[in-house]
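Input: a single structure, listed below in structure tokens.
Below, each value reflects all heavy atoms present in this structure, side chains not excepted, and no hydrogens, waters or symmetry copies.
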Amino acid sequence: QKLIRAVSSKRQLTEVLTDFWFNHFNVDASKGKVKWYLASYERDVIRPHLFGRFRDLLGATASSPAMLFYLDNMLSVKTGFVPKRERHKNDGIETPRGLNENYARELMELHTLGVEGGYTQKDVKEVARAFTGWGIDQPQKMADFQFRAPAHDDGEKYILGARIPAGNGREDGERVLDMLARHPSTAKFIAIKLCRRFVSDKPPQALVNRVAETFLMTDGDLRSVYLTLFTSPEFWSKEAYHAKIKSPFEFTVSAVRALGGTVETESKLGKRVGGMGQPLYRCQPPTGYKDIAEAWVNPGSLVQRIQLGVALAHNHVEGVVADKSHLNELSNVTDPQELMTRMNHLFFHEEMSQGTKETIAQELKNDERKMPDGEIRKPELAKYVGLFLGAPEFQRR
């Protein structure tokens, strides 16, 4: 469904933002029960909050079974609490043993404040105390959020210099989320990640500052934040144009779209993305996949991208169908220079560099074969397509 939507949806901003926010609030399908919760996580937690308030998105992820399981908060209980339920054999659900700091740490480091956000290890422990008792009801069946009051540490807490009085329940965690969502470090951290995703690997500081200011002034209204970003001079500048390297997922989707292709329900395309280093929904570290060029630029990955282009042109990727009329039109072109011109228009909007043209032309010439009757056999069209999709210009967005 991720690939089908990315290729075919007319709401492309929604798809790009879904990919961004899922990666920001990453969960890994290969960890235990997460694979069963994942479809609901993206559909019911991420997508409905793309254009709302950051606080609502943050709260939805905090109480989702996928996140509770992935970062072990379902196992976090107050010190000394002994649950009635014993561990069941082969169900993959552990019995809570005490305070677990995993979610509290990633909540501040990766979801809100950032690693330099000004929190301490003492804050991590206090936040973990605030989220004790946040668990999953019937994890094997319904898998809904459940607050277990007996497991909650309702004592007094001090977090980021603020006092949370004793005697509360789930409100402790909600108050922490309120505090973190409105913190200036969160505004800066989210602004950096959005600007890095949409402008450049090293976004201009002035733009980051303006986006962060909008975040704070609007209480995390994401529509306003996007508007500040997408209407900025920096976003539309020449420096930002084609400044970003496509991830394997982005490359794959753009290659299918460039060939007028469609993705069917049963497709092997996802495995191709995984083979290039970005298995969908299976990023193990909570950091999510990196959004900088050095994470994706290497010779092995480039070869795989060219091979994917060739396979797509041949219609050799199960579940993906290229537009035959689209390719047939190109196959009727016999002059290499004319074909180069057509490809430049089709894939690069006339922006292919002279160096790329010369490199492709030389590679194709090297691939020519002289037949016994003296005829020079040109490389098949799929080879042309693969080289064009592997060109440096096509790796950028």
Side-chain angles (χ1 to χ4, degrees), residues 17-29 31 34 37-38 41-42 44-76 100-132 134 145 157 159-160 162 170 172-197 208 211-212 215-216 218-222 225-226 281 283-291:
L17 290 173
T18 298
D19 184 59
F20 171 83
W21 286 114
F22 186 100
N23 197 59
H24 180 78
F25 292 107
N26 179 58
V27 299
D28 175 21
K31 181 173 179 177
V34 173
Y37 309 151
L38 189 133
Y41 181 67
E42 184 172 75
D44 305 324
V45 174
I46 302 295
R47 285 184 175 274
H49 297 96
L50 297 175
F51 299 97
R53 292 171 61 245
F54 175 77
R55 169 62 179 86
D56 296 332
L57 175 58
L58 181 66
T61 61
S63 60
S64 74
M67 187 65 73
L68 289 164
F69 193 105
Y70 175 57
L71 291 180
D72 305 313
N73 202 70
M74 63 172 292
L75 302 176
S76 190
N100 190 299
E101 299 178 0
N102 286 359
Y103 176 68
R105 181 173 292 104
E106 309 306 355
L107 171 64
M108 290 191 285
E109 179 179 333
L110 302 178
H111 298 171
T112 55
L113 305 177
V115 68
E116 298 178 355
Y119 63 91
T120 66
Q121 176 55 34
K122 175 91 165 35
D123 291 318
V124 172
K125 184 174 182 178
E126 294 290 272
V127 169
R129 289 178 59 212
F131 283 98
T132 49
W134 286 48
F145 172 79
K157 305 168 185 70
I159 299 171
L160 298 174
R170 178 179 176 176
D172 285 350
E174 297 291 349
R175 182 167 176 178
V176 169
L177 296 176
D178 288 341
M179 187 187 310
L180 294 176
R182 294 185 173 95
H183 199 284
S185 292
T186 297
K188 179 181 177 182
F189 184 61
I190 298 301
I192 289 173
K193 292 197 70 172
L194 281 169
C195 293
R196 183 186 298 140
R197 171 64 179 79
V208 171
V211 173
F215 188 100
L216 288 173
T218 62
D219 195 23
D221 177 67
L222 294 178
V225 171
Y226 303 148
Y281 302 114
C283 180
Q284 294 183 357
T287 52
Y289 289 114
K290 293 183 178 180
D291 192 19

With a 4.5 Å cut-off on side-chain heavy atoms, are Arg197 and His24 touching? no
4.5 Å side-chain heavy-atom contact, Phe215 and Thr186: yes
Residue pair Asn73, Asn102: steps toward the side chain to side chain contact (heavy atoms under 4.5 Å, CB included) verdict: CA-CA 7 Å; Asn73 202 70; Asn102 286 359; over 6 Å; no
Check Ala128 against Ser76 and note the closest heavy-atom contact, atom names and distance. O-OG, 4.1 Å
Side chain to side chain contact (heavy atoms under 4.5 Å, CB included) between Arg55 and Asp178, intermediate numbers included: CA-CA 7 Å; Arg55 169 62 179 86; Asp178 288 341; 2.6 Å; yes
Output for pair (Leu113 CG, Leu160 CG), nearest 0.5 Å, gives 6.0 Å
Does the side chain of Pro286 reach to within under 4.5 Å of the side chain of Tyr70, using non-hydrogen atoms? yes
Met67 and Tyr103: which non-hydrogen atoms are nearest, and at how many Å? CG-CE1, 3.8 Å
Tell me, with the steps shown, if Tyr281 and Val27 meet side chain to side chain contact (heavy atoms under 4.5 Å, CB included). CA-CA 7 Å; Tyr281 302 114; Val27 299; over 6 Å; no
What's the spacing between Leu58 CG and Ser63 OG if we round to 0.5 Å? 9.5 Å
Atom pair CG (Leu75) and CG (Asn100), whose distance is rounded to the nearest 0.5 Å: 6.0 Å
Criterion side chain to side chain contact (heavy atoms under 4.5 Å, CB included) against Glu106, the qualifying member of Leu71, Asn26, Thr112: Leu71
His183 side, atom NE2; Leu180 side, atom CG - distance, nearest 0.5 Å: 8.0 Å
Between OG1 on residue Thr61 and CG on residue Leu177, distance to nearest 0.5 Å: 8.0 Å
Name the orientation class of the two ring planes belonging to Phe54 and Trp21 (parallel below 30°, tilted from 30 to 60°, perpendicular beyond 60°). tilted
Using every non-hydrogen atom in the two residues, find where Val45 and Leu57 come nearest and quote the distance to one decimal. O-CD1, 3.8 Å
Can you name the nearest heavy-atom pair linking Asp28 to Cys283, along with the distance? CB-O, 3.4 Å
Looking at Lys290, I'd like to know if its NZ atom is crowded, meaning that more than 12 non-hydrogen atoms belonging to other residues, nucleotides or ligands lie closer than 6.0 Å. no
How many angstroms lie between CG in Leu17 and CG in Leu50, if you round to the nearest 0.5 Å? 6.0 Å
The test is salt bridge (Lys or Arg N to Asp or Glu O under 4.0 Å); show your working for Asp219 and Arg53 and say whether it passes. CA-CA 7 Å; Asp219 195 23; Arg53 292 171 61 245; 3.0 Å; yes
Is it the case that over 12 heavy atoms from other parts of the model lie below 6.0 angstrom from the CD atom of Gln121? yes
Check the angle between the aromatic planes of Tyr226 and Phe51 and answer parallel, tilted or perpendicular using the 30° and 60° thresholds. perpendicular
Can you find a heavy atom in the side chain of Phe25 that is under 4.5 Å from one in the side chain of Leu110? no
Taking the side chain as every heavy atom from C-beta outward, state whether Tyr119 and Glu109 have any pair of such atoms under 4.5 Å apart. yes
Minimum heavy-atom separation for Val208 and Lys188, please, with both atom names. CG1-O, 4.3 Å
May I ask you to say whether Arg105 pairs ionically with Glu101, meaning some side-chain N is under 4.0 Å from a carboxylate O? yes
Mind telling me whether Phe131 and Trp134 have parallel, tilted or perpendicular rings, with 30° and 60° as the class edges? perpendicular
Mind listing the closest non-hydrogen atom pair of Ile159 and Ala130 along with its distance? CD1-CB, 4.5 Å
Could you check whether atom NZ of Lys157 has more than 12 heavy atoms from other residues, nucleotides or ligands sitting under 6.0 Å from it? yes
